[in-house]
Amino acid sequence: MRITGGLVFDLEKGFLEKDLCTDGAVISSESTGETVIDASGCYVIPGLVDVHFHGCVGEDFSDATPEGLQAMADYELSEGVAYICPAGMTLPEEQLSPICKNAAAHKEKQADGAELVGLHLEGPFLSSAKKGAQNSDFLHDPDIPMLRRLQSDAKGLVKLVTVAPEQPGAMEFIRTATAEGIHVSVGHTIADYDTASAAFAAGADHATHLYNGMPPLHHREPGVIGAARDDEKVMPEIICDGIHVHGSVIRATFAMFGAERMILISDSLRATGMPDGEYPFGGQMIEVHGNRATLLGHPETLAGSVTSLMGCMRQAVKFGIPLADAVRAASYNPAKSIGMENRFGSLEKGKDATCVLLDKETLAIQKIIFRGNVVK
């Protein structure tokens, strides 16, 4: 396949006028086969990578149903999100276990739709003071034996785990999880600067939905945000749906951390792609009005987004983030944050032949190619 006439995303140079060639399922220097795709008037970007979302089209990862996970994967790919690392909720182990097993079974059958490349345990190792929409009944101190049991259930798919570092045993948990190849994210926490810095020194390299679920950045108390900024290995997630974080703060955060560290996430809920109404969420109920989702009866408590990652990327551009930086934050950076950037996330020779053609004026999806095949 040869994709010609488009502006192709390049990690170092932004966008280049060049052909993109594929050899079967991978990107190559020369094309094989006779298929030629005209990308005139389009940007050609990598398939997006969402390392933090809960659901869409009426389904939730925590429901642990094969049909629901398949519907989620199909929807995500239709939105140009080709690689997914869905997040579980704060739930008891007897519910987290089937969630992990369902993910492993989905992975093993090599299902259609977006590829499930990992899972994110957003709970239960969180602070009750910053639980947000998580269910406080099921919060649990950091527990390595539990994490190992869940990783066994997931057959190694746990790539990320969120931890409040002020909780008892958190530092040893971080060191052990990191040593066992799991990326640890600091979030849903009241940690101060020193505690957060100690967590990053212990191996945590990720921050869960920056600004949300943590103390604000204060000039005398910089907290998690300041600690994350000061440790160059830390990659912060940010929800750019136009609701969770103001556009001015989005711009300031990209400037503060640098585009090479930022991760756009959707944190999307089952109501994504669905009409307004009430929906179950982690043993509670949420209500959705437009693109705002809150706990039922608590309109001040945001419960995640109802915007896909592609929608969040477009919103970042509307907020003034350069397109190349927004694309990087929604593709290469999240792939890097879970250690999979050598396979996908950019359009380099030898990587997956997965890309999305976007209209240059509207950023609307014109075509999706997944591992060398055009998605119908």
Side-chain angles (χ1 to χ4, degrees), residues 47-91 95-123 133 150 153-155 157-160 162 209 237 239 241 263-275 277-284 286 288 291 293 303-313 330-331 334-335 338 340 344 352 354 356 365 368 370-371 375-376:
L48 304 190
V49 183
D50 201 344
V51 295
H52 187 159
F53 81 107
H54 297 278
C56 51
V57 291
E59 305 292 346
D60 193 292
F61 182 55
S62 292
D63 292 343
T65 66
E67 300 81 10
L69 187 48
Q70 185 61 61
M72 290 165 56
D74 291 340
Y75 175 82
E76 291 297 322
L77 186 56
S78 77
E79 285 284 303
V81 183
Y83 303 95
I84 54 174
C85 185
M89 292 290 294
T90 294
L91 294 165
Q95 287 181 255
L96 291 172
S97 176
I99 291 168
C100 292
K101 290 177 179 177
N102 186 49
H106 180 89
K107 179 72 172 177
E108 284 184 348
K109 71 178 182 181
Q110 298 182 331
D112 293 334
E115 181 185 350
L116 191 148
V117 295
L119 64 91
H120 179 172
L121 294 176
E122 191 183 1
L150 293 174
D153 290 337
K155 297 190 176 179
L157 278 175
V158 177
K159 299 292 185 183
L160 271 171
T162 294
H209 45 50
E237 304 173 350
I239 308 169
D241 62 348
I263 299 171
L264 290 177
I265 61 165
S266 70
D267 199 15
S268 69
L269 308 173
R270 72 167 78 237
T272 304
M274 301 291 285
E278 298 179 4
Y279 296 88
F281 179 64
Q284 303 174 97
I286 61 170
V288 176
N291 66 338
S305 90
V306 287
T307 304
S308 72
L309 182 58
M310 184 64 77
C312 290
M313 190 194 80
S331 56
I338 57 172
M340 301 191 76
F344 52 80
D352 282 7
T354 299
V356 183
I365 296 173
I368 299 168
F370 184 52
R371 295 194 196 131
V375 176
K376 303 296 184 182

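Both backbone and side-chain heavy atoms feed into the values below; hydrogens, waters and symmetry mates do not.
Atom CD of residue Q95 and atom OG1 of residue T90 lie 11.5 Å apart, to the nearest 0.5 angstrom. Distance CD1/I99 to CG/L119: 9.0 Å, rounded to 0.5 Å. Interatomic distance, D60 CG to M72 CE, rounded to the nearest 0.5 Å: 6.5 Å. For the atom pair C85 SG and F61 CZ, the distance stands at 8.0 Å (nearest 0.5 Å). I239 CD1 to D267 CG: the interatomic distance, rounded to the nearest 0.5 Å, is 4.0 Å. The line from NZ of K107 to CG of L157 is 6.5 Å long, rounded to the nearest 0.5 Å.
Judged as a side-chain hydrogen bond (donor to acceptor under 3.5 Å, both in side chains), and not counting sequence neighbours, the contacts of Q70 are D74. Checked against ring pair (Phe, Tyr, Trp, His ring centres under 6.0 Å), H52 has the following partners two or more places apart in sequence or in another chain: H54, H120, H209. Considering only residues two or more places apart in sequence or on other chains, K155 meets the side-chain hydrogen bond (donor to acceptor under 3.5 Å, both in side chains) condition with E108. Here S308 pairs with E79 under the side-chain hydrogen bond (donor to acceptor under 3.5 Å, both in side chains) rule; sequence neighbours left out. In this structure, N102 has no side-chain hydrogen bond (donor to acceptor under 3.5 Å, both in side chains) partners at least two apart in sequence or on a different chain.
Counting only heavy atoms from C-beta outward, the side chains of I265 and D50 approach each other to under 4.5 Å. L116 places a side-chain heavy atom less than 4.5 Å from the side chain of P86. The side-chain heavy atoms of M310 and V356, taken from C-beta on, include a pair separated by under 4.5 Å. Between L269 and Y279 the shortest side-chain heavy-atom distance does not fall below 4.5 Å.
Listed by first and then second residue, the salt bridge (Lys or Arg N to Asp or Glu O under 4.0 Å) pairs involving residues 61-70 are D63-R270 (not counting sequence neighbours).
Taking every heavy atom of both residues into account, A114 and E76 meet most closely at CB-CB, 4.1 Å. Residue G47 comes nearest to Y83 through the heavy atom pair O-CD1, 4.5 Å, listed as atom of the first residue, atom of the second, then distance. Of all heavy-atom pairs between V51 and E237, the closest is CG2-OE2, 4.4 Å. The two residues M89 and S62 make their nearest non-hydrogen contact at N-OG, 3.5 Å. Scanning both residues, A335 and V49, for their nearest heavy atoms gives N-CG1, 4.1 Å. Of all the heavy atoms in K159 and V117, the pair that sits closest is CE-O, 3.4 Å.
If you check the side chains of T307 and N291, you find no donor sitting under 3.5 Å from an acceptor. A donor-acceptor contact closer than 3.5 angstrom is absent between the side chains of Y75 and T272.
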Q: Could you go through the side chain to side chain contact (heavy atoms under 4.5 Å, CB included) check for F370 and L77 one step at a time?
A: CA-CA 9 Å; F370 184 52; L77 186 56; 4.2 Å; yes
